[in-house]
Asks: 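Have a look at this one before I ask anything.
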Amino acid sequence: MTDQVTDHTLELTPPPNSPDRTTPGSRHSSSRRASGSPEAPKAPVRSDLGTILLHWTLVIAIVTSLVTGLRLSSDAEGSWFAKLFEPILPQGEIWTWHYVSAVFVLALIFAYAAYMSAARLKRRISSKKIVVLSLPASNKLRIAAINVIAYWILFAAIVVLSVTGVLLFLGHGGLWVTVHYVSALTVLTYIVAHVGLHYFYGGVAQLLRLFRPQSLRQFPGMSRYPLLKSAALGGVVIAGAVALDFGTRSDLFVSQASVLPKLDGVLDDATWQGARPVFVRTHQGSNLNGTGESTVEVRAAQVGDQIAFAFRWEDGNRSLKRHPIIKTEEGWRMLNNRADISDETAYYEDKFSVAFSRTDAFGGGDSTHMGPRPLGDKPAALHGRGLHYTTDGSLMDVWQWKAARGGMLGKVDDMWFGTPLEPDEAQAAGKKRYSAGYAADEGKSFYVYNYKKQPGSDYEGTVNVLRLPADHVRTAALMGNLDMSVKATDDAGSQWWMFDAESVPYSAEKDADIPVGTVIPGVLITGEYLGSRADLNGGAKWQDGYWTLEVIRDMDTGNHQDLPMEDGLYVWLSVFDHNQTRHTRHSRPVRLTFN
């Protein structure tokens with residue numbers, strides 16, 4: 001923000017047919033030319049050092065906030081504008097840069113306002129300049145007036161960005177995400193307009209004034225050391241924001257109980273009566289009635305050398321249909337919308353994830369790295385959205401409940417985030433999903449998929465089915481009401497998986513007995529959970545728009561891929577409403593605290 005008109009008097013355009021249409025000083029110029037005297041060279045325009053320092057610091061903070069914000073925006077389902085900038089957007093751990101730069105923008109706006117007031121420079125953005133637009137003034141003054149209007153639009157946009165940014169940081173989503181995004185686009189538009197207005201006002205020389213410092217002009221009543229005082233105010237704003245953040249975070253107090261709860265998804269056990277709940281607002285997920293939001297209630301209780309957690313979250317429908325298979329005239333097809341890139345948002349089960357870390361760093365404990373290829377020497381993410389891993393050798397303990405893959409059968413998958421693994425041959429060739437530092441604990445799960453993709457089909461054509469129902473009529477009855485709408489609520493007790501005893505290996509003869517239009521589950525349950533992967537036992541129930549999940553685990557499993565439950569762990573929660581990877585998130589973790 002530079003002072004465009006400090007060195008210029010009000011140059012009103014003379015009325016038509018005026019006998020003298022020369023500009024002020026033109027007679028003197030004519031006298032000099034008549035006498036043969038050369039014109040004196042104009043001194044380059046300059047700006048005071050305080051303006052230059054604050055301006056460029058603010059520019060760096062705004063640009064950092066915008067480019068990281070565009071990276072986060074490009075991850076949204078249906079995003080197109082932000083994706084236009086994909087080749088130049090940063091990748092990796094974006095959240096810290098975005099949050100920190102946003103705080104600096106807010107602090108610098110306060111500092112800039114204080115500097116203009118203390119240095120008697122408020123005339124730069126005085127609304128009185130706008131009156132020029134109603135007068136027959138010179139083009140320069142008109143441009144200066146337009147720039148003042150642009151300044152106030154910028155200020156308003158930054159205020160809205162700050163307010164909505166705080167709301168998002170606290171867990172609010174929905175409409176506020178859109179308002180935040182539009183405000184960011186307004187600031188981006190302002191940057192382009194700001195440069196253009198300055199260029200048309202004074203050409204390249206006007207742009208270069210921000211590289212040519214000069215002493216601050218002294219005015220009556222000017223405060224001493226205005227730059228130092230304004231910088232101090234900015235520091236106070238930053239310190240206040242950090243203190244407010246840490247001072248308002250939630251603790252999940254672990255109560256002491258004598259008996260473990262019954263794992264039935266009903267919180268009527270004595271275990272939970274003394275457990276104080278914590279409510280965490282999560283947002284920016286997929287589905288969830290179009291809002292992308294879900295508030296999670298969490299309770300925890302220790303019973304001897306075991307710990308129990310209860311989670312209750314909003315989800316408007318009960319979804320178990322994970323990639324069901326339907327028979328068509330051409331063969332069996334697996335229902336999906338983006339299964340080929342591991343980004344399904346239609347035919348998928350409900351899931352829930354809780355992650356424990358020893359750090360409260362942004363981005364889910366510094367485990368979320370955005371962009372199509374955040375690890376330059378490793379394969380890209382199939383969906384182009386990013387990868388989970390840690391960069392400091394630390395490990396995060398991740399529990400994932402999967403409704404159709406054992407979640408309704410008492411199992412919660414034990415997993416982890418950590419150092420990126422080396423890709424295998426198929427992953428390196430882009431033929432198989434590479435998950436970087438996200439993997440299951442050592443051991444075995446009891447679910448497999450009942451389909452195999454045809455080479456080169458990307459699940460758009462038919463698939464090979466591994467097992468067929470032994471009695472397709474009975475299997476259909478077990479699945480309940482076959483409403484194939486992705487928004488349908490699956491019946492209580494419905495079974496969207498097949499056990500070994502309920503199915504037989506695929507054969508053409510058995511296939512011929514099954515009529516076209518038949519739907520069968522895409523999940524097979526075979527064998528049992530083994531090893532560290534089997535550490536978690538759970539029970540879940542959906543009722544009246546809420547899932548409730550109870551989980552029990554040993555305080556310390558002794559497994560190197562688990563974290564012992566101890567004071568000071570940070571808890572991160574994610575809700576998946578019938579989608580594969582587009583879960584909700586929250587910016588501030590909950591701290592696990594033992595009485």
Asks: Can you measure from CG (Asn481) to OG (Ser494) and round to the nearest 0.5 angstrom?
Replies: 9.5 Å
Asks: What is the distance from atom NZ of Lys351 to atom OG1 of Thr581, rounded to the nearest 0.5 Å?
Replies: 7.5 Å
Asks: Any donor-acceptor pair under 3.5 Å linking the side-chain atoms of Thr345 with those of Asn337?
Replies: yes
Asks: Under a 3.5 Å threshold, yes or no: a donor from one side chain and an acceptor from the other, between Asp490 and Trp542?
Replies: no
Asks: Could you tell me whether the side chain of Thr557 and the main chain of Asp554 form a donor-acceptor pair under 3.5 Å?
Replies: no
Asks: Minimum heavy-atom separation for Ala241 to Val103, with atom names?
Replies: CB-CG1, 4.1 Å
Asks: Given 3.5 Å as the limit, does a donor-acceptor pair link the side chain of Thr248 with the main chain of Leu244, or not?
Replies: yes
Asks: Please collect all salt bridge (charged side-chain N to carboxylate O under 4.0 Å, His left out) contacts where either partner lies in residues 561-576, sequence neighbours excluded, each pair once.
Replies: Arg358-Glu566, Asp567-Arg591
Asks: Do Val266 and Thr548 come close enough that some side-chain heavy atom pair is under 4.5 Å?
Replies: no
Asks: Excluding sequence neighbours, so at least two apart, what forms salt bridge (Lys or Arg N to Asp or Glu O under 4.0 Å) with Lys541?
Replies: none
Asks: Given 3.5 Å as the limit, does a donor-acceptor pair link the side chain of Asp366 with the main chain of Thr359, or not?
Replies: no
Asks: Taking everything shown except Trp332 itself, do over 12 heavy atoms lie less than 6.0 Å from its CH2?
Replies: yes
Asks: Go through the structure and list residues passing side-chain hydrogen bond (donor to acceptor under 3.5 Å, both in side chains) with His388, not counting sequence neighbours.
Replies: none
Asks: Without placing hydrogens or testing angles, list every side-chain donor-acceptor pair under 3.5 Å for residues 520-527, not counting sequence neighbours.
Replies:
| residue | atom | partner | partner atom | Å |
| --- | --- | --- | --- | --- |
| Thr526 | OG1 | Asp500 | OD1 | 3.4 |
| Thr526 | OG1 | Asp500 | OD2 | 2.8 |

Asks: Hey, mind stepping through Asp343 and Arg582 against salt bridge (Lys or Arg N to Asp or Glu O under 4.0 Å) and telling me if it holds?
Replies: CA-CA 8 Å; Asp343 190 22; Arg582 294 184 178 273; 3.0 Å; yes
Asks: Is it the case that the side chain of Arg588 and the backbone of Val590 share a donor-acceptor pair, with hydrogens and angles ignored and the cut-off at 3.5 Å?
Replies: no
Asks: Looking only at heavy atoms, which two atoms of Thr390 and Thr419 are closest? And how far apart?
Replies: OG1-N, 3.6 Å
Asks: Sort and list the pairs that fulfil salt bridge (charged side-chain N to carboxylate O under 4.0 Å, His left out) and have at least one residue in residues 424-449, not counting sequence neighbours.
Replies: Asp424-Lys432
Asks: Would you check if the side chain of Thr475 reaches a backbone N or O of His472 as a donor-acceptor pair within less than 3.5 Å?
Replies: no
Asks: Restricting to salt bridge (Lys or Arg N to Asp or Glu O under 4.0 Å), what partner residues turn up for Glu550, sequence neighbours left out?
Replies: none
Asks: So, do His323 and Tyr347 have ring centers that fall under 6.0 Å from each other?
Replies: no
Asks: Given 3.5 Å as the limit, does a donor-acceptor pair link the side chain of Asn289 with the main chain of Thr291, or not?
Replies: no
Asks: Does some side-chain heavy atom of Pro324 sit less than 4.5 Å from a side-chain heavy atom of Met484?
Replies: yes
Asks: Can you see whether Thr593 engages Asp251 through a side-chain donor-acceptor pair at a distance of less than 3.5 angstrom?
Replies: yes
Asks: Could you pull out all residues at least two apart from Asp535 that satisfy side-chain hydrogen bond (donor to acceptor under 3.5 Å, both in side chains)?
Replies: Ser532, Asn559
Asks: Between CD of Glu314 and OG1 of Thr295, what distance do you get to the nearest 0.5 Å?
Replies: 4.5 Å
Asks: Give me each pair satisfying salt bridge (charged side-chain N to carboxylate O under 4.0 Å, His left out) with a member in residues 459-479, each pair once, sequence neighbours excluded.
Replies: Arg474-Glu502
Asks: Between Thr368 and Arg585, is there a side-chain donor-acceptor contact under 3.5 Å, judged purely by atom types and distance?
Replies: no
Asks: What I want to find out is whether Arg249 reaches Asp245 closely enough, with some N-O distance under 4.0 Å, to be called a salt bridge.
Replies: yes
Asks: What pairs meet the ring pair (Phe, Tyr, Trp, His ring centres under 6.0 Å) rule with one or both residues in residues 247-275, with sequence neighbours excluded?
Replies: none
Asks: I'd like to know if the side chain of Glu344 reaches the main chain of Arg338, judged simply by a donor and an acceptor atom lying under 3.5 Å from each other, with no hydrogens or angles considered.
Replies: yes
Asks: Are Arg281 and His586 close enough that a side-chain donor and a side-chain acceptor fall under 3.5 Å?
Replies: no
Asks: Taking Phe352 as the fixed residue, which of Trp401, Tyr546, Phe311 is the one that meets the ring-ring contact (aromatic ring centres under 6.0 Å, His included) rule?
Replies: Phe311
Asks: Using side-chain contact (heavy atoms from CB on, under 4.5 Å), reason through Trp97 and Arg71 one step at a time and then give a plain yes or no.
Replies: CA-CA 11 Å; Trp97 288 99; Arg71 166 56 70 197; over 6 Å; no
Asks: Donor-acceptor check, side chain of Tyr434 to backbone of Leu421, threshold 3.5 angstrom: yes or no?
Replies: yes
Asks: To the nearest 0.5 angstrom, please state how far the CG atom of Leu382 sits from the CG atom of Leu387.
Replies: 9.5 Å
Asks: Could you grab the distance from atom OH of Tyr459 to atom NZ of Lys452, nearest 0.5 Å is fine?
Replies: 10.5 Å
Asks: Listed by chain and number, what are the salt bridge (Lys or Arg N to Asp or Glu O under 4.0 Å) partners of Lys510, not counting sequence neighbours?
Replies: none
Asks: Could you work out, with salt bridge (Lys or Arg N to Asp or Glu O under 4.0 Å) as the rule, every residue matching Asp413, not counting sequence neighbours?
Replies: Lys402, Arg533
Asks: Mind checking what makes side chain to side chain contact (heavy atoms under 4.5 Å, CB included) contact with Gln256, not counting sequence neighbours?
Replies: Gln302
Asks: Between Gln273 and Asp269, is there a donor-acceptor pair closer than 3.5 Å when you use the side chain of the first and the backbone of the second?
Replies: yes
Asks: Is there side-chain contact between Tyr348 and Phe576, with at least one heavy-atom pair below 4.5 Å?
Replies: no
Asks: Under a 3.5 Å distance rule, please check whether Arg322 uses its side chain to pair with a backbone N or O of Glu349 as donor and acceptor.
Replies: no
Asks: Would you kindly say whether Ser485 and Asp483 are connected by a side-chain donor-acceptor distance under 3.5 Å?
Replies: no
